[in-house]
Structure formats: structure tokens, C-alpha cells
Amino acid sequence: MKLWNRTGKQFMVRQIAPFGSVVQPGCSEWGSFTGFLILILSYVASPQCRTIFQVSHSVSASSAPYRLSDALNRHIPGLKSTLLLRRRKEIDGLEIHRTPARRATDALRRHLAHGFDILLPERRKDLPFSLNVLGMGFDTAQMEKADVVHLHWIGGRTVDFSQLRHIRRPLVYTLHDMFACTAGCHCTMDCGLFQDECRGNCPQLGAPRLFRNIPAWLFSRKRRAFGRIPSLTLVTPSLWLKKEVERSCMFPGRKIVQIYNPVDTDLFRPAEDRNAIRAGLGIPPGAFVIACGATGLFNPVKGGHFIPLVLEELYRRGHRNLHLLLFGNQEKSVDYPFPSTNAGFITDMNKLAGLYSAADIFLNPTLQDVLSNVALESMACKTPSVTFRTGGVPEAVLDGRTGLVAPQGDLNQMAAHCERLIQDGKLLQTLAEEGRRHAEQTFSYPVIAARHAALYEETLREYRYEE
């Protein structure tokens, strides 16, 4: 079988520079503007439009696959990106096609997969774990209508891993969490068993009944399926995740490229009248507003339990003029003993941008994150983050430049950072201005779209060469 690495090295890693210029070891970086022009001209001169399928589970307007597809269609001429989803819902895109026979087979396989729960009585229910033993089928011919198939969230039953090798197109796979490198967990939470093929006692599955080697078996099955794919390029949205993938033995010899997730800096920008937004939310004039938000804020990964602890510490230090602004799916009702506003789950991105603008700082106590979406959004709205040194978050929240970063789990340091910004308005403004510049230069739609477009072109050239 042909693999990308013909030199015998374990990994081939290339860095894609901004605006489509490609940097290889030993080569100097092209000028960003020149690289962008070359990329655009290559598409204008191309006799046919490139079609990219972004394959994922159901997505929302705030998800990375949706934003990438939007960025590509808006900023790269001669390229059409289409969302190919298991559940399309209200999103503009296509649904993964299955024949009636395959649907019936998938239904049976789904019921059989539930049997694994019987073997896992100690499995943690508060952390996501995708067994992916019996994935969902798909129409190979449908996916081959694209020039490149770009995979995103494909855990659970989105696709059948064992069938990916039959797609006669180059595959690009963006890893949005640790799922692809493990037996099935999305958040390793300091577990390093994935470096040894998940052999040993899995802290998330517990002690399985009868079949003690379930984690290792799941890992080997996934590794075998990935290994049979002729053309597979991996993308990681942070340098932190790239290093984690390199530590895993799931993808030996595969090319790994680091490209950040995009944020729409035209949409997420400072509001013209944030005082009006505050008044509409019932926030008292002159209050120092601390915003917090995430989907599932109070699950163990998001660290929502630190929020009241930080506020209590700030109160203990004498700061009373505080107002907490919450948004997102909280999963439970929380009655805080200090002034707060809960905006609930937000689907309107314009409204979400307004909430970021209404805050003075954004508190982000995440305990595992590849690249925090809320950190990018708040930064683009000139709202600095106070966060933990978690995963790829410090690559967006540059400590002392675009926000303040505390050691993971250090409650006192996080509270001290908040106190510093409460007292130092000049520093707060400096972080806000630099954060906006960082968002525009590093994470904006044109930058990330051009980098992905350059990767697609390089992938197609290599795929044709292999043929």
C-alpha cells in the first residue's frame, strides 16, 4: 500500500504559511501578499471549479466545519465548498446518502452497538466516548463527486471507518479533539494510554465485563481502518494537538499540517454601542462585566465549576461592582449569590457578538480544549480572555498580549488576573486592541481559507502523482 511517507520517517509535517504560501523545511517563507496572489491566480486560470465536501455530523453556524465552508466560498474564487452532513436540519448543505438496504443494515448495527453498554457498567456518562464499532454506511459515489473529501466530526455513527478506503478521492481529516487518536474518548483528561494503543485500564470505560481488552481492540480496529486509506492528510487546529497526534501511534507515516480554525472578524467585531446592549440585558451602568459561555458549560471539560469560585474570591478581595453574563447551554439551573444575567443558548451570531462586546473580560476556565472557539470570538470583539493554560488555548490567548493565562486549575491566579484587569484599565485596553489585531492577522476568514485552499491544491497534486 502506498503511504505518504516514503523515507521511513514516522511523520512528514509541513507548515502552511498565511495566505496560501507553503513553507517546507529549508525553504524561505513567501511574502503573504505574493502567496495570496499566486493562489488566487491559480484558481482563476483553472479550467474547472474545485469541489470540496466538508463531511461532519450535524453542524451549527458556530461550528468549525460550517465556518470553514463559509470562509472558502466567500474568499476563494474557483472553489465550491459543500457541507455533507449526517443530519442537515436547517443548515444549507447535503445529507449523506444511504440506500434503503443500507439504512436497514445500519439500524440493526445500531441496536447491536447498544450491547456494548452492557459490557461497560462503570463507563463515565459525563464525558463523550464514541465506540464507533459499527459506523453508519454511506454512498461512495456521492462523495466522489468532490475533488477532495474533508472529514471533520465523524465519531459515533457518522461514517463507517472501514469504508473510507473505498473513496477514490484524497481525504483531508481535521481533528477537532482527541477522538481520532484514542480508542474512542474525545477528551483524554490527562490519560496517556493512547500512546500505548490504549492498553490498560481505561479511566473513562472503567473495568469492562468479560472482554477486558475492549479499549485496545477499539484502538487497533480504528488504526487498521485509517491505515488502509490510500491518501489521508491530517490537519490539527493547534500546535498542541499536532504534538499530541505525533505522540500517538494511530497515524504512522501520515502528513500532519497545522491550520487554525477560522473566526469571522467581519461578524465578530466590537459593537458600536455596547452601553445599549448592556441596558437591554439589564446590566447596571458602570458595572464590571465578566462573561462566560460554552455549550455544556458545567461538564468536567469546560470547567464551569470554577466560575462561582472565581467570583467568590473576587468578592472576598473587596470587588463588589461585578456582573456575571452567562450564555450557552448550561445543562442545569444555577442561582448565583451575586448579580448575573443568563442570556441562554444563542443561535443568532450577531446577538452573540453583541454579548461579547457587552463584557469587559471573558472568563474561560476550560480544562481541555484544542482551540477555544469562544476565545477567538471574544478576542475578535475586543474582549480579552482570562483562561487556564489548557491545550491550544494559549496559542490564541497570548499571555500578556491578548489576554491573561493562569496555570491550569489555579483558582487564585485566575482571580488575581481578573482583579488586575478590574484595576488596570490601560492594560485592559491594550489587550483588547492587540487581541483584535491577532484575530484579524491569524484567525480571520481570508487567512484560514487561503491556507486550506493551498493545502487542497497540494493534496491534489500529490494524489495525482501517486496515481
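Hydrogens, waters and symmetry mates play no part in the numbers below; they use all other heavy atoms, side chains included. Sequence positions, counted from 1, serve as the residue numbers for this chain.
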(message) Treating Lys222 as the side-chain partner and Phe179 as the backbone partner, does any N or O pair qualify as donor plus acceptor under 3.5 Å?
(response) yes
(message) Parallel, tilted or perpendicular, judged at 30° and 60°: which one describes the rings of His438 and Phe443?
(response) perpendicular
(request) Identify the heavy atoms of Pro339 and Tyr315 that sit nearest to each other, and give their distance. (result) CD-OH, 3.1 Å
(request) Would you check, one step at a time, whether the test side-chain contact (heavy atoms from CB on, under 4.5 Å) holds for Ile259 with Ile448? (result) CA-CA 7 Å; Ile259 307 178; Ile448 302 305; 4.2 Å; yes
(message) Keeping Arg451 on the side-chain end and Gln258 on the backbone end, is there a donor-acceptor pair under 3.5 Å?
(response) yes
(request) Applying side-chain contact (heavy atoms from CB on, under 4.5 Å), run through Arg67 and Asp264 and close with a yes or a no. (result) CA-CA 8 Å; Arg67 291 182 176 179; Asp264 187 351; 5.9 Å; no
(request) Just do the salt bridge (charged side-chain N to carboxylate O under 4.0 Å, His left out) check on Arg437 and Glu434 with the steps written out, would you? (result) CA-CA 5 Å; Arg437 281 193 292 270; Glu434 181 60 29; 2.9 Å; yes
(request) Look at the side chain of Arg274 and the backbone N and O of Ala359, then say whether any donor-acceptor pair between them is shorter than 3.5 Å. (result) yes
(request) Find out whether Pro237 and Thr174 are in side-chain contact, i.e. whether some heavy atom of one side chain is under 4.5 Å from a heavy atom of the other. (result) yes
(request) Considering only NZ, NE, NH1 and NH2 on the basic side and carboxylate oxygens on the acidic side, decide whether Asp126 and Arg124 come within less than 4.0 Å. (result) yes
(message) Could you check whether Arg247 pairs with Glu244 (Lys NZ or Arg NE/NH1/NH2 to Asp/Glu carboxylate O, under 4.0 Å)?
(response) yes
(message) Taking atom CG as the centre, does Asp92 end up with more than 12 heavy-atom neighbours from other residues, nucleotides or ligands that are less than 6.0 angstrom away?
(response) no
(message) Tell me whether Thr390 contacts the main-chain N or O of Thr366 through its side chain, where contact means a donor paired with an acceptor under 3.5 Å.
(response) yes
(message) Distance check, rounded to the nearest 0.5 Å: Thr236 atom OG1 versus Asn261 atom CG?
(response) 10.0 Å
(message) Evaluate Ile256 against Phe251 for side-chain contact (heavy atoms from CB on, under 4.5 Å), listing each step before the verdict.
(response) CA-CA 9 Å; Ile256 308 172; Phe251 299 101; 6.0 Å; no
(request) Please work out which of the three classes, parallel, tilted or perpendicular, describes the rings of His452 and Tyr456, given edges at 30° and 60°. (result) tilted
(request) Would you give the length of the straight line joining atom CE of Met143 to atom CG of Leu164, rounded to the nearest 0.5 angstrom? (result) 7.5 Å
(message) So Met379 and Phe268, do their side chains get closer than 4.5 Å, heavy atoms only?
(response) no
(message) Do Thr182 and Phe129 have side chains that approach each other closer than 4.5 Å (heavy atoms only, starting at C-beta)?
(response) no
(request) Supply the atom-to-atom distance Leu171 CG to Leu234 CG, rounded to the nearest 0.5 angstrom. (result) 10.5 Å
(message) Can a donor-acceptor pair be found, under 3.5 Å and without considering hydrogens, that links the side chain of Gln368 to the backbone of Met189?
(response) yes
(message) Is the shortest side-chain heavy-atom distance between Phe338 and Leu314 below 4.5 Å?
(response) no
(message) Any heavy-atom pair between the side chains of Phe161 and Ile154 that's under 4.5 Å?
(response) yes
(message) Can you tell whether the side chains of Glu313 and Arg316 come within less than 4.0 Å, N to carboxylate O?
(response) yes
(message) Using 0.5 Å steps for rounding, measure from the CD1 atom of Ile422 to the CG atom of Asn321.
(response) 9.0 Å
(message) Under a 3.5 Å cutoff, is there a donor and acceptor pairing between the side chains of Ser385 and Ser378?
(response) yes
(message) Testing the basics here: between Ala416 and Arg317, what is the closest heavy-atom pair and its distance to 0.1 Å?
(response) CA-NH1, 3.5 Å
(request) Without swapping roles, check the side chain of His152 against the backbone of His176 for a donor-acceptor pair under 3.5 Å. (result) no
(message) Under a 4.0 Å threshold between the charged nitrogen and the carboxylate oxygen, would Asp147 count as salt-bridged to Lys80?
(response) no
(message) Whether the side chain of Arg169 engages the backbone of Ala146 through a donor-acceptor N/O pair (distance < 3.5 Å, no angle test) should be reported.
(response) yes
(request) Identify the two heavy atoms, one from Ala406 and one from Gln413, that lie closest to each other, and give their separation to 0.1 Å. (result) CB-CG, 3.7 Å
(message) Is the shortest side-chain heavy-atom distance between Leu367 and Phe388 below 4.5 Å?
(response) yes
(message) Pair Phe219, Ser248 - check side-chain contact (heavy atoms from CB on, under 4.5 Å), show working.
(response) CA-CA 11 Å; Phe219 188 100; Ser248 170; 4.3 Å; yes
(request) Please report the shortest heavy-atom distance between His323 and Pro284, naming the atom on each side. (result) ND1-CD, 3.6 Å
(request) Rounded to the nearest 0.5 Å, what's the gap from NE2 on His417 to CG on Leu363? Could you check? (result) 11.5 Å
(message) If you count every heavy atom of other residues, nucleotides or ligands that lies below 6.0 Å from Arg420 atom CZ, does the total exceed 12?
(response) no
(message) Does this structure show an ion pair linking Arg436 with Glu440, if we count only N-O contacts that are shorter than 4.0 Å?
(response) yes
(request) Decide yes or no for Leu127 and Pro300: does some side-chain heavy atom of the first lie under 4.5 Å from some side-chain heavy atom of the second? (result) yes
(message) Treating Arg223 as the side-chain partner and Pro252 as the backbone partner, does any N or O pair qualify as donor plus acceptor under 3.5 Å?
(response) no
(request) Decide if atom CG of Asp399 counts as having more than 12 heavy atoms of other residues, nucleotides or ligands within a radius under 6.0 Å. (result) yes
(message) Other residues, nucleotides and ligands only: do more than 12 of their heavy atoms fall within 6.0 Å of NZ on Lys426?
(response) no
(message) Under a 3.5 Å distance rule, please check whether Arg389 uses its side chain to pair with a backbone N or O of Val405 as donor and acceptor.
(response) no
(message) For the backbone of Gly391 and the side chain of Asp369, can you confirm whether one donor and one acceptor N or O come within less than 3.5 Å of each other?
(response) no
(request) Check Asn364 against Met414 and note the closest heavy-atom contact, atom names and distance. (result) O-CE, 4.2 Å
(message) Under 6.0 Å between ring centres: does that hold for Tyr356 and Phe327?
(response) yes
(request) Verify the distance criterion only: is there a donor paired with an acceptor across the side chains of Ser62 and Asn373 at less than 3.5 Å? (result) no
(request) Anything under 30° is parallel, anything over 60° is perpendicular, the rest tilted; go ahead and classify Tyr445 against His75. (result) perpendicular
(request) Measure across Cys418 and Ile361 and return the closest heavy-atom pair with its distance rounded to 0.1 Å. (result) SG-CD1, 3.9 Å
(message) If you define the side chain from C-beta out and look only at heavy atoms, does anything of Val310 sit under 4.5 Å from Pro365?
(response) no
(message) Please report the interatomic distance CG(Leu322) to CD1(Ile290), rounded to the nearest 0.5 Å.
(response) 5.0 Å
